[in-house]
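As the structure is a prediction and not an experimental result, all values here were calculated from the model. A, B, ... follow the sequence lines: proteins, then strands. Residue 1 opens every chain.
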Number of protein chains: 2
Amino acid sequence: MRTKGLRVTNPRRDILRIAWSSPEHFTADEMYVWVLEDDADASRATVYRTLALLAQADFLATMNDGKGTVLYEKQLSSDDHHDHMICVACRKIIEFVSHDIERIQDEVAARHSFKLQNHTLRLEGLCVDCK
Amino acid sequence: MRTKGLRVTNPRRDILRIAWSSPEHFTADEMYVWVLEDDADASRATVYRTLALLAQADFLATMNDGKGTVLYEKQLSSDDHHDHMICVACRKIIEFVSHDIERIQDEVAARHSFKLQNHTLRLEGLCVDCK
DNA sequence: ATCCTTGCAAAGCTTTTGCAGGAGA
DNA sequence: TCTCCTGCAAAAGCTTTGCAAGGAT
């Protein structure tokens, strides 16, 4: 964090630790609840500010659920990209990686002279348990 | 609409007409502004309720912008699926279709025994004008 | 006649912001 | 010391909802 010019503070340490120890995708408000449960040190405003900051600094990734809420998740390295399948019945999230899709995305972008920085792919449907 | 058990009312007619005549993606609130400019007949609450309804009935499609806001767009037929590139600088939206990507998605879903119903793919980056 | 829709206004949520005090480098 | 960061509380959006009146079938 220091290499990115960000100060290391208790709220930032706590939030990053909780985010990294969570296997799940979470909203800002869920993180705030975890912070409270953990007796950690951050107000609601700071949680919102810090998550946005950590996402911008590439410590967290963001995605949308189907309905417009921003979800955060830990990002272990900046190459750690994966996509999501979401079960519309139980809301379970399955992660997957497809290099083929990424390759085609690059081709599509190139065809439009578009400089690709990021992508989000979400597949919705029924998981094996809910079918 | 009647075939789907929905009543045909002035607000619904007006909103659908405006949505169909718009080339753009829009938020519920933008639609409300258009309704006012058009001297059309719908309150803000009705715009929200109607857009959700029309999307559910497959007259409109939904997508997210990068930051969690739901955007609507007209859906000419239920096969009319396309994906989006969004320029992070000027927010321009470029639509594209890739059957290759759709095919690979089907394969990925099948590999996880996932019954695919819908998908969203958003590419973010810089468009040709902003590069 | 029945019951679905609407408008209004209020409430509900989530997220952002101004400002003064406090902490990191 | 000099900024940057935080907490608080208020505000700012955006979206939903209860209820009574009105409209579609």
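- The phosphate of D:dT3 has neither OP1 nor OP2 within less than 4.0 Å of any side-chain N or O from A:Arg7.
- With salt bridges taken as basic N to acidic carboxylate O contacts below 4.0 Å, one links A:Arg103 and A:Asp100.
- When the P atom of D:dC5 is taken as reference, atom CZ of A:Arg44 falls 22 Å away, rounded to whole Å.
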Apply salt bridge (Lys or Arg N to Asp or Glu O under 4.0 Å) to the pair B:Arg17 and B:Asp38, showing each step before the final yes or no. CA-CA 11 Å; B:Arg17 174 175 50 75; B:Asp38 204 89; 3.3 Å; yes
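- Between A:Thr9 and C:dG24, a side-chain N or O to OP1/OP2 separation shorter than 4.0 Å is absent.
- Between the CG atom of B:Asp41 and the C1' atom of D:dG23 there is a distance of 11 Å, given to the nearest Å.
- Using a 4.0 Å cut-off, some side-chain N or O of B:Tyr48 falls inside it from OP1 or OP2 of D:dT15.
- Heavy-atom distances to DNA chain C give each of B:Arg12 and B:Ala45 a nearest nucleotide, and the one nearer the 5′ end belongs to B:Arg12.
- For D:dG7, the OP1/OP2 oxygens have a side-chain nitrogen or oxygen of A:Ser43 closer than 4.0 Å.
- Between B:Arg49 and D:dT16 there is no side-chain N or O to OP1 or OP2 distance below 4.0 Å.
- Both B:Ala52 and B:Leu6 lie close to DNA chain D; mapped to their nearest nucleotides by heavy-atom distance, the more 5′-ward contact belongs to B:Ala52.
- Between A:Phe26 and A:Trp34, the shortest heavy-atom distance links the atoms CB-CH2, 3.5 Å.
- Atom CG of B:Leu53 and atom C1' of C:dC4 are 11 Å apart (whole Å).
- Side-chain atoms of B:Arg122 and A:Thr120 include a donor-acceptor pair closer than 3.5 Å.
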